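It should be emphasised that the depicted structure is a prediction, and the values quoted were computed from it without experimental measurement. Excluded from the calculations below are hydrogen atoms, water molecules and symmetry mates; all remaining heavy atoms, backbone and side chain alike, are included.
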Protein chains: 2
Amino acid sequence: MAVYPEQIERLCDMFRRLDGIGRKTAMRLTLSVLDLPEEDVQAFSQALIAAKTEIGFCKCCQNISASELCPVCAAPGRDKSTICVVEDFRAAMALEKMNEYNGLYHVLHGVISPMKGIGPEKLKIRELISRLDGSVTEVILATNPTPEGETTAMYLSRLIAPLGVRVSRIANGMPVGGDLEYADEITLRRAIEGRYSMNQTNGATAE
Amino acid sequence: MAVYPEQIERLCDMFRRLDGIGRKTAMRLTLSVLDLPEEDVQAFSQALIAAKTEIGFCKCCQNISASELCPVCAAPGRDKSTICVVEDFRAAMALEKMNEYNGLYHVLHGVISPMKGIGPEKLKIRELISRLDGSVTEVILATNPTPEGETTAMYLSRLIAPLGVRVSRIANGMPVGGDLEYADEITLRRAIEGRYSMNQTNGATAE
C-alpha cells in the first residue's frame, strides 16, 4: 500500500526526465504541484506545451528563437562582420547578458566528443561555414575551455583560417574575484603566459 | 536583448513556484524541457492537470487520495483502533514504506506555528477529534521532533488524553546507522534518557 496514487507517480516520472532530477527531488516537485492553485497548474501545463511547440531555432545562428530569425540576427544595429561560436544557447545567453558584445553568434549544439560518439558532422558546422561569405571578418571561438571545447575550437580554426577569416579564441586566466590559492595549475600557467603589460595602463613609466 | 523568448520565461516562472526551485534551477529545467520529445512534453502537460484535478483528500484521514476513502482507510485488514497522527502525507508515506504499522493515519496538514501564524484551527484537528468515537484506543503522535512538531504533539495530547484514549509519542534517540560523534546534544540526551535494558534481550543475566 506504500504507493502514491497513479496520477502522482506519473507526474513524478515526468519530472525525473528533466536534467539533474532524481527520484526524491521529482517527488518533492510533484507534491508541491498539489499545493499550487489550480489556475497555476493549468498555466504550467500550457506553458510546457508553448515552450516546446513555439520555440524553434534561428535559421541563421541556430540559437533558440520564437521566430525564424532570432532577435540578435534580426537586429539592424549588430556588427555582422563578427561571429562568436558557442556550444549551446546557454553560453550565447551568458555572453548577451554581459551587454558588451555587439556581433552575431553561432550555436554549434554541442562539441566534438569521440567518447560520446559526437563527430563534427553532428554539429552545426556546415551552417557556420555557409555564413562565411566574405562579409564576416572575424570568428571568435568561445567553446568552453574543456578538452572537448578545445578540440572543437582547434578543429574549427583549421577549417576557417584557410578561408581568410581572422579566427580568435577567448582568453584563459584567473576568473575575476578568484583566489590563486584555489586555481588549478593549468589555469595559473595560462594566466602567466597570457600576462599583459601594465606600463601603458597606469602610466607609471616615463617616456 | 539578453532575454529568452517569452515562452521560455513563462515556463521558467512556473518551475520557480515549485518547492525549493530558484531561478537558475528553473531555467535548467525549462531548457531541458526543450530537449524532450514532443510526446513527452504533451504527457507531462497532461500529468500535471491529472495530478492536480484527480487527487483530493481522504474524507476520513485527510491523506491525499484519488478516491473518497484512501486505500489505507478502505482496507479491511487494518487495525482501526490505532491512529498515527502525522504532519503531512510525506510522513504518512514514509511510515507506510516501513511496512510494519497496521493502524490508520491522520494527516494534520501542518503543525502549530505561531511564527507563521498557523494556529490549531488551521489544522485538521477537528476531523481527528471527530474520529475518536470510542473505537479508537490509541493515538500515536508522530509529528516531527522539531519545536513546532513538539508543540503540536503537546497540544494534541492535552486535548485527547481527557477523552480516555491512550496517547503516545514516537521515541527520540540516535538514528540507526548514525554516529555519536555527529549527533546533537539534545538527541544524545534523549538517547540516554530513553535507554532500554538489554538484560532480558540477550539473556546474559542469570536468574
Side-chain angles (χ1 to χ4, degrees), chain A residues 1-15 17-21 25 27-38 40-56 64-67 70-72 75 78 88-90 92-99, chain B residues 1-15 17-21 25 27-38 40-56 64-67 70-72 75 78 88-90 92-99:
Chain A
M1 214 155 291
V3 286
Y4 282 99
E6 184 229 332
Q7 293 90 336
I8 301 276
E9 292 290 346
R10 212 186 316 141
L11 182 55
C12 182
D13 280 349
M14 296 313 307
F15 274 117
R17 301 199 191 184
L18 301 181
D19 186 25
I21 301 292
T25 308
M27 191 47 86
R28 195 187 76 222
L29 298 178
T30 300
L31 297 179
S32 75
V33 165
L34 299 183
D35 296 334
L36 291 180
E38 194 170 328
D40 283 10
V41 178
Q42 289 280 0
F44 195 167
S45 170
Q46 285 159 13
L48 272 171
I49 300 288
K52 183 64 190 175
T53 59
E54 295 171 21
I55 299 294
I64 51 168
S65 174
S67 47
C70 75
V72 171
R78 308 283 298 212
D88 53 28
F89 41 82
R90 293 164 182 86
M93 199 53 63
L95 289 166
E96 264 307 272
K97 280 202 183 122
M98 156 181 87
N99 236 328
Chain B
M1 213 155 292
V3 285
Y4 283 99
E6 184 229 333
Q7 293 89 336
I8 301 277
E9 293 290 347
R10 213 187 314 141
L11 182 55
C12 182
D13 280 349
M14 296 312 308
F15 275 116
R17 302 199 190 184
L18 302 181
D19 186 26
I21 300 292
T25 307
M27 191 48 88
R28 194 188 75 222
L29 297 178
T30 300
L31 296 179
S32 75
V33 164
L34 299 184
D35 297 333
L36 291 179
E38 194 169 330
D40 283 10
V41 178
Q42 289 280 0
F44 195 166
S45 170
Q46 285 158 14
L48 272 172
I49 300 289
K52 183 65 190 175
T53 59
E54 296 171 20
I55 299 294
I64 51 168
S65 174
S67 48
C70 75
V72 172
R78 307 284 297 212
D88 53 28
F89 42 82
R90 294 165 182 86
M93 199 53 65
L95 290 167
E96 265 306 273
K97 279 201 184 127
M98 156 180 86
N99 236 329

Practice task
Quick one: which of B/L31, B/I8, B/D13 has the most heavy-atom pairs under 4.5 Å with chain A, could you say?
Solution key: B/L31
Completion exercise
Honestly, the part of A/I55 sitting under 4.5 Å from a heavy atom of chain B is side chain
Exercise for the section: For each of A/A51, A/A94, A/A43, A/S45, tally heavy-atom pairs with chain B at distances under 4.5 Å, and name the one with the top tally. Expected result: A/S45
Exercise for the section: Could you tell me which of B/I21, B/L18, B/I64, B/T30 has the largest number of non-hydrogen atom pairs under 4.5 Å with chain A? Expected result: B/L18
Practice task
Heavy-atom distances under 4.5 Å only: say whether A/T53 touches chain B with side chain, backbone, both or neither.
Solution key: side chain
Exercise for the section: Name all residues meeting the side-chain contact (heavy atoms from CB on, under 4.5 Å) criterion together with A/S67; count only those two or more places apart in sequence or in a different chain, and write none if there are none. Expected result: A/S65
Exercise for the section: On the 0 to 90° scale, with breaks at 30° and 60°, tag the A/F44-B/F44 ring pair as parallel, tilted or perpendicular. Expected result: tilted
Exercise for the section: Flag the one option from B/R10, B/M27, B/R17 with the top tally of heavy-atom pairs under 4.5 Å to chain A. Expected result: B/R17
Fill in the blank from the handout: Paired with A/M14, the side chain to side chain contact (heavy atoms under 4.5 Å, CB included) test is passed by just one of B/D40, B/L48, B/V41, namely B/D40
Practice task
Quick one: which of B/Q7, B/E38, B/Q42 has the most heavy-atom pairs under 4.5 Å with chain A, could you say?
Solution key: B/Q7
Handout entry: Residue selection (most heavy-atom pairs with chain B, distance under 4.5 Å) from A/E6, A/R90, A/Q46
Key = A/R90
